[in-house]
Each structure stands twice: as C-alpha cells, then as structure tokens.
Number of protein chains: 2
Amino acid sequence: MTTLPELEKIKRCTMPFRELNRVLFQLRTLDADRVGITPQQLMVLNEVRNNPGIGLDQLSEHVQLASSTLSGIVDRLVKSDLLRRERSTRDRRQLELHLSPSGLEKLQEAYDPEKSVLLQRMAVALEMPAQDIETMIRIQNQFLARLRGTEELERT
Amino acid sequence: MTTLPELEKIKRCTMPFRELNRVLFQLRTLDADRVGITPQQLMVLNEVRNNPGIGLDQLSEHVQLASSTLSGIVDRLVKSDLLRRERSTRDRRQLELHLSPSGLEKLQEAYDPEKSVLLQRMAVALEMPAQDIETMIRIQNQFLARLRGTEELERT
DNA sequence: TTATAACATTTCGTATGCGAAACATTTTTA
DNA sequence: TAAAAATGTTTCGCATACGAAATGTTATAA
C-alpha cells in the first residue's frame with residue numbers, strides 16, 4: 001500500500017491545483033452573476049470572442065471541458081441569443097460559433113476592467129516576477145507531461 | 001477593455017491548472033471504474049481514511065468541494081455501505097465520518113500500488129527534482145494568495 | 001465505386017457542483 | 001436568562017460534467 005507520507009506528498013502537490021480552480025470559479029462567478037449568466041457560460045463567451053468561428057472540438061481543448069458538456073452550454077447560450085451557431089459549409093460536421101451582438105455586450109459588461117473582480121485579481125497575480133510565473137508554468141507542464149505519460153515529449 | 005495579450009497571459013497561466021485537474025480526474029476515474037465507484041467517491045473515501053472522524057466542514061477544506069456537494073456524495077457512500085456517518089456526542093451539529101470495512105477494502109483495491117494508474121503516474125511525476133516541485137508549490141501558493149487578495153499573509 | 005473507419009456533434013443517464021435557504025444546535029451577546 | 005449570532009449539515013433548484021452511444025458527415029481503404 002502506498003505509504004501515508006507518499007499520499008501526503010501527492011495531496012500537497014495537487015491541492016494548489018484544486019484550490020486555484022475553485023478560486024477562479026468563484027471570481028468568475030462574481031462577474032457572471034452581475035450580468036446574469038453562469039461562470040462557465042462567461043468562460044465560453046470569452047473563448048468564442050477570442051476565437052471567432054471555433055468549433056466544439058477546438059473549444060473543448062481551449063477550456064478543458066468535454067464536448068458533451070460544451071454542447072449543452074452552447075445550446076443554452078444560443079437559446080439566450082448570446083451565441084450564434086452555424087454549420088461550416090466546408091464540413092457540415094463542424095460548428096462555427098460566433099458571439100451575437102448581445103453576447104459581446106454581455107461579455108464586455110462582465111469583463112469591464114473597472115468592475116471585473118476576476119480581471120483585477122488576475123492583474124495583481126500577474127504582477128509577480130515574470131520569471132517566477134515562467135518557472136511555475138514550465139514545471140507545471142513537466143509535471144503534467146509525466147502524469148500523462150508523455151514526459152519524453154516535453155524535454156526541450 | 002483588457003487587451004488581448006493580457007487575456008492570453010491569463011489564459012496561459014490558468015490552463016495548466018485546468019489541465020491538471022482534468023488529468024487527475026481522468027486518472028482517478030480509471031481506478032474508480034475498476035472498483036465500481038466514481039472518482040469523487042474515491043477521493044472522499046481516501047480523505048476519510050486519512051482523517052477518521054472528520055466532519056463535512058473539514059472535509060470540504062481538504063477536498064475543495066462545497067459542503068452541499070459533499071453532503072450528497074457522502075449520502076451515496078453511506079447508502080452503498082462504504083462510509084459510516086455518525087453524529088458527534090459533543091456537538092450534535094457535527095458529523096463523524098468513518099470508513100466501513102467494505103469501504104476500506106474498496107479503497108485498498110482501487111489504490112493497490114500495482115494496479116492504480118493514478119498512483120503510478122503520480123510516482124513518476126514526483127520523481128521530478130524535489131527543488132522543482134517545491135518551487136512550483138511555492139509560486140502557486142503566492143499566485144493563489146494574490147488571487148484571493150490575501151497576498152500579505154503569504155509573504156514570508 | 002463501395003465499404004469501413006474516423007470525425008464532430010448531439011443525446012442520454014447519472015453524478016456532481018454550486019449558492020441560497022432551511023433546520024437544528026451551539027456559542028456569544030445583551 | 002433570553003435573544004441574537006454563528007456553526008454544521010441538509011435540501012432545493014438549476015447548471016454543469018462525464019463517458020457511452022447514437023447520428024450524420026467526411027476521409028480512407030479495399
């Protein structure tokens with residue numbers, strides 16, 4: 001059986017990851033609530049604004065959610081007139097997602113730099129030394145690669 | 001409006017966190033499926049095994065889930081005879097959770113070091129230089145503190 | 001050219017996951 | 001001592017969240 005000290009080490013390594021996702025969710029919820037959508041919807045709107053015409057499979061990679069999950073979120077956003085869903089004429093399997101005018105407005109209101117709690121807290125977080133942030137990301141990606149069993153590919 | 005480069009930087013910093021949680025979930029799912037429970041149930045069983053008698057509010061902190069969420073997960077685990085739920089005699093608001101014999105057995109089977117994908121991949125990940133892991137955790141905690149607006153407390 | 005495989009999305013069933021509200025209990029305040 | 005506040009848990013309503021299966025479409029193999 002894996003020893004308790006080993007389990008504690010695992011715990012210690014993985015807790016910051018769980019904690020950060022939770023904090024992000026809560027900060028995003030503050031902005032989302034203010035404009036009457038959910039935090040996941042806000043995240044999706046933001047991602048579509050940054051990648052107009054994106055399909056579900058790509059969006060899935062960008063936001064790290066299953067495509068089945070995204071299908072439902074997108075459905076609700078389309079029904080609320082915040083997103084437009086089109087089929088690609090080149091490949092009818094593929095969706096092309098776009099923000100609607102009211103979706104863009106909603107996004108701009110949520111992420112108004114003077115009101116957005118998420119953006120303000122992120123700005124503070126990103127004031128950390130750039131070298132520290134780069135180091136953290138580098139080690140995280142190495143850690144991830146090992147967990148995935150793809151560590152060879154990350155050795156650069 | 002927050003500039004695109006700033007949004008991309010935010011994205012770059014937060015993606016590893018989302019990715020790691022997803023990978024952890026998927027690895028835990030492999031172990032959980034093998035013994036017929038869900039990944040969250042497995043995580044809760046593990047935490048209760050390491051903290052016998054723990055209550056929901058404490059458990060909430062340990063696993064970073066809302067107590068309302070945990071209430072449901074515990075309910076299902078009790079119904080499956082994998083956990084025992086008792087009320088504290090000192091404070092009747094407080095639960096005291098314990099693994100049942102079959103819960104312990106299920107946990108040991110899931111986290112059998114020779115079968116557990118999560119433990120094996122974690123072992124590989126933890127073979128990274130200890131200094132790297134410490135550095136990652138330190139910077140993550142500083143990042144978290146800033147996001148929470150409690151960065152003063154982390155300055156040591 | 002046809003059959004098979006792969007891809008992208010949707011649907012389904014079940015388990016989360018959250019915050020707010022409700023309830024019971026304990027602690028603190030007046 | 002009684003009222004108010006705080007704590008711990010449960011319930012509620014709704015939105016995820018996932019993997020598996022189904023569906024339609026495109027690409028590849030035979």
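Labels below follow one simple rule: chain letters A, B, ... track the order of the sequence lines, proteins then strands, and each chain is numbered from 1.
Under 4.0 angstrom from either OP1 or OP2 of C:dC7 there lies no side-chain N or O belonging to A:Gln94. For C:dT16, one of the phosphate oxygens OP1 or OP2 lies less than 4.0 angstrom from a side-chain nitrogen or oxygen of B:Gln41.
Within 4.0 Å (heavy atoms only), A:Thr38 reaches sugar-phosphate atoms of the nucleic acid but no base atom. Residue contacts for A:Ile73: at a heavy-atom cut-off of 4.0 Å it reaches the sugar-phosphate backbone alone, with no base atom in range.
Scored by the side chain to side chain donor-acceptor pair (under 3.5 Å) test, A:Asp91 finds A:Arg93 as partners (sequence neighbours excluded). Qualifying side chain to side chain contact (heavy atoms under 4.5 Å, CB included) partners for A:Arg76, counting only residues two or more places apart in sequence or in other chains: A:Gln41, A:Ile73. With sequence neighbours left out, the side chain to side chain donor-acceptor pair (under 3.5 Å) criterion links B:Ser102 to B:Ser100. Under the rule for a salt bridge (charged side-chain N to carboxylate O under 4.0 Å, His left out), the partners of A:Arg84 that lie at least two apart in sequence or sit in another chain are A:Glu86. Listed by chain and residue number, A:Thr29 satisfy the side chain to side chain contact (heavy atoms under 4.5 Å, CB included) test with A:Asp33 (two or more places apart in sequence, or in another chain). In this view, A:Arg87 satisfies the side chain to side chain donor-acceptor pair (under 3.5 Å) rule with no residue, not counting sequence neighbours.
Taking atom CZ of A:Arg76 as the reference point, atom C1' of C:dT11 lies 13 Å away to the nearest angstrom. Per the geometry, CG belonging to B:Leu56 stands 13 Å off P belonging to C:dC18, to the nearest Å. Per the geometry, CZ belonging to B:Arg18 stands 13 Å off P belonging to C:dG17, to the nearest Å. Atom CG of B:Asp75 and atom P of C:dT16 are 11 Å apart (whole Å). Rounded to an integer number of Å, the gap from B:Gln64 CD to C:dC18 C1' is 14 Å. Per the geometry, CG belonging to B:Leu42 stands 11 Å off P belonging to C:dT16, to the nearest Å. Atom CG of A:Leu24 and atom P of C:dG17 are 16 Å apart (whole Å). Following rounding to the nearest Å, A:Asp57 (CG) and C:dT10 (C1') show an atom-to-atom distance of 14 Å.
Remark: A:Asn50 CG to A:Asn46 CG distance equals 5.0 Å, nearest 0.5 Å. Note that the CG atom of A:Asp112 and the CD atom of A:Gln120 stand 9.0 Å from one another [nearest 0.5 Å]. B:Leu77 contributes atom CG, which lies 10.0 Å from atom CZ of B:Arg85 (distance to the nearest 0.5 angstrom).
Between the two ends of the helix from C:dT1-D:dA30 to C:dA30-D:dT1, each summarised by a five-pair axis, the helix axis turns through 20° (rounded to 10 degrees).
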Under 3.5 Å, which donor-acceptor pairs link side chains of residues 121-134 of chain B to any protein atom two or more places apart or in another chain?
| residue | atom | partner | partner atom | Å |
| --- | --- | --- | --- | --- |
| B:Arg121 | NH1 | A:Leu147 | O | 2.5 |
| B:Arg121 | NH1 | A:Arg148 | O | 3.4 |
| B:Glu134 | OE1 | A:Arg12 | NH2 | 2.8 |
| B:Glu134 | OE2 | A:Arg12 | NH1 | 3.4 |
| B:Glu134 | OE2 | A:Arg12 | NH2 | 3.4 |

Donor-acceptor contacts under 3.5 Å from residues 62-71 of chain A side chains, at least two apart:
| residue | atom | partner | partner atom | Å |
| --- | --- | --- | --- | --- |
| A:His62 | ND1 | A:Glu47 | OE2 | 3.2 |
| A:His62 | ND1 | B:Lys11 | NZ | 3.1 |
| A:Gln64 | NE2 | A:Glu61 | O | 3.0 |

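The outermost nucleotides of DNA chain D lying under 4.0 Å from heavy atoms of chain A, listed 5' to 3', are D:dA15 to D:dT26.
Applying the ring pair (Phe, Tyr, Trp, His ring centres under 6.0 Å) definition to pairs two or more places apart or across chains, none involves residues 63-86 of chain A.
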Its contact letters, B for base, S for sugar-phosphate only and - for none at protein heavy atoms under 4.0 Å, make nucleotides 19-29 of chain C read BB---BBS---
